[in-house]
Amino acid sequence: MHRKIIIAIDGHSSCGKSTLAKNIAKQLKYGYIDTGAMYRTVTLYAIRNKLITDDSIHEDALQAALNDINISFQYNEENQHNDTYLNGENVEEQIRTMEVSSRVSRVSALKFVRTAMVDQQRKMGTQKGIVMDGRDIGSVVFPNAELKVFLTANADVRAQRRYQELLGNGKEARLEEVKQNLLERDELDSNRKESPLVQAEDAVVLDNSYMTREEGAQWVVEKAQQIINQ
Ligand code: DC
């Protein structure tokens with residue numbers, strides 16, 4: 001019987017972490033957890049309940065509300081996607097809008113939000129056999145993960161990918177605005193005080209700017225197989 005491992009995928013916004021993580025999970029028959037979706041869901045809740053504006057967050061109210069925010073994932077047979085639920089409501093579409101994207105970095109920088117999410121993420125990993133993507137998975141959530149990948153790609157390639165994804169989903173978008181948003185998020189994610197995006201010392205770096213999705217996934221699956229078969 002092969003041992004099960006935890007695969008942590010960290011990296012900048014829009015470099016294809018979820019696509020890569022999903023692909024690997026499918027090949028290894030592992031579970032997949034998109035931690036960005038969890039921070040996006042808290043942000044959506046804050047927007048809906050007017051706890052966040054352009055320049056402020058009602059931190060006390062949000063902290064008190066965390067107990068009322070139940071986040072779960074459920075596999076959608078139709079599009080073969082792990083959809084995100086907020087208190088039983090499918091919010092997969094709503095958490096991907098620019099409105100949420102432009103506020104999520106401020107919400108995910110709050111210590112009490114991170115503590116609550118990290119707690120849940122660790123629980124999801126107790127049985128191992130999972131691929132988890134985010135910003136702090138290899139550094140904070142699972143510092144002992146058997147395989148840590150730090151994914152990167154150049155900013156123009158990333159902006160183009162996110163832009164195409166938004167258009168593909170029927171959303172309005174401008175390439176310059178998308179690029180600006182992801183550069184701002186890079187900046188905030190890398191420089192915040194709580195669990196900034198850092199490359200874990202023992203992470204392997206994968207730059208997928210000029211790789212196909214399949215090539216990127218193959219690269220990681222081979223590394224995972226070596227560890228699993230050790
Ligand atoms: O991966 P994403 O773009 O869906 O992530 C949304 C935001 O959540 C991103 O701006 C950074 C934050 N995030 C985080 O701080 N820690 C994680 N583990 C995952 C995401």
Side-chain angles (χ1 to χ4, degrees), residues 6-22 32-47 52 57 62 66 69 71 73 81-84 86 91-125 130-143 145 148-153 155 157-159 161-166 169 171 173 177-200 203 208:
I6 291 181
I7 303 176
I9 314 268
D10 289 301
H12 289 114
S13 297
S14 304
C15 51
K17 289 187 300 297
S18 335
T19 309
L20 175 71
K22 264 184 260 179
Y32 160 62
I33 293 150
D34 172 359
T35 63
M38 299 170 73
Y39 292 98
R40 285 172 179 273
T41 303
V42 176
T43 307
L44 178 69
Y45 181 97
I47 293 171
I52 183 167
I57 301 181
L62 183 58
L66 272 185
I69 304 179
I71 303 170
F73 296 100
H81 189 278
N82 225 6
D83 284 348
T84 312
L86 165 60
V91 290
E92 189 54 42
E93 282 222 358
Q94 286 96 315
I95 60 169
R96 310 285 166 193
T97 59
M98 284 297 278
E99 191 186 14
V100 170
S101 296
S102 63
R103 287 171 166 78
V104 62
S105 282
R106 285 192 285 140
V107 171
S108 62
L110 298 170
K111 187 173 176 152
F112 61 85
V113 172
R114 301 209 70 82
T115 308
M117 296 303 113
V118 169
D119 256 13
Q120 293 191 25
Q121 290 152 12
R122 288 192 178 138
K123 284 192 189 118
M124 294 170 180
I130 55 157
V131 185
M132 190 175 276
D133 81 343
R135 304 293 189 288
D136 59 342
I137 312 306
S139 56
V140 175
V141 184
F142 294 119
K148 300 178 186 178
V149 179
F150 190 84
L151 187 63
T152 169
V157 170
R158 291 192 279 137
R161 288 178 185 164
R162 185 67 122 197
Y163 175 67
Q164 294 299 344
E165 184 183 58
L166 286 165
N169 291 336
K171 304 241 160 58
E177 197 184 328
V178 172
K179 184 174 173 189
Q180 203 49 43
N181 173 260
L182 73 90
L183 290 179
E184 276 168 23
R185 282 202 286 149
D186 283 359
E187 175 72 17
L188 286 164
D189 295 344
S190 301
N191 294 309
R192 67 179 176 222
K193 210 166 112 247
E194 297 302 331
S195 312
L197 168 66
V198 284
Q199 186 186 318
N208 72 0

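All heavy atoms count here, side chains included; hydrogens, waters and symmetry mates do not. Note that ligands are numbered from 1 as they come in the structure, with each ligand's atoms numbered from 1 the same way.
- If you check the side chains of Ser108 and Arg40, you find no donor sitting under 3.5 Å from an acceptor.
- Those atoms of ligand 1 that come under 4.0 Å of a heavy atom in Gly134, given as number and element, are 17 (C), 18 (N), 19 (C).
- Proximity to Asp189 (heavy-atom distance under 4.0 Å) selects the following atoms of ligand 1: 9 (C), 10 (O), 11 (C).
- Contacts between Glu184 and ligand 1 below 4.0 angstrom, taking non-hydrogen atoms only, are absent altogether.
- Atom CD of Glu93 has 12 or fewer neighbouring heavy atoms from other residues, nucleotides or ligands inside a 6.0 Å radius.
- No hydrogens or angles considered: nothing links the side chains of Thr43 and Arg106 as a donor-acceptor pair under 3.5 Å.
- Here Met117 has no heavy atoms under 4.0 Å from ligand 1, in either its backbone or its side chain.
- In terms of polar-atom proximity, defined here as any N/O pair under 3.5 Å, Tyr39 makes no such contact with ligand 1.
- Within a 6.0 Å sphere centred on NZ of Lys111, heavy atoms belonging to other residues, nucleotides or ligands number 12 at most.
- Under 4.0 angstrom from ligand 1, the non-hydrogen atoms of Arg192 all belong to its side chain.
- Atoms CD1 and OG1, on Ile95 and Thr84 in that order, are 4.0 Å from each other to the nearest 0.5 Å.
- What sits closest to atom 4 (O) of ligand 1 on the protein, heavy atoms only, is Arg40 NE, 2.7 Å.
- Contact atoms of ligand 1 toward Arg185: 3 (O), 6 (C), 9 (C), 10 (O) (distance under 4.0 Å to a heavy atom of the residue).
- In this structure, the separation between CD1 on Ile69 and CE on Met117 is 6.5 Å, given to the nearest 0.5 Å.
- Remark: the Asp189 side chain and the Ser105 side chain contain an N/O donor-acceptor pair separated by less than 3.5 Å.
- Considering only non-hydrogen protein atoms, atom 19 (C) of ligand 1 sits nearest to Thr35 OG1, 3.3 Å.
- The atoms of ligand 1 that sit less than 4.0 Å from any heavy atom of Ser105 are 10 (O).
- When the options Ser108, Pro196, Ser13, Ala37 are ranked by their closest heavy atom to atom 12 (C) of ligand 1, first place goes to Ser108.
- At least one heavy atom of Arg162 sits closer than 4.0 Å to an atom of ligand 1.
- Among all non-hydrogen protein atoms, the one lying nearest atom 16 (N) of ligand 1 is Arg114 NH2, 3.0 Å.
- Separation of atoms NE2 (His12) and NZ (Lys17) is listed at 9.0 Å; rounding is to 0.5 Å.
- Of the protein's non-hydrogen atoms, the one nearest atom 9 (C) of ligand 1 is Arg135 NH2, 3.3 Å.
- Remark: the backbone N or O of Val141 is paired with a side-chain donor or acceptor of Arg122 at under 3.5 angstrom.
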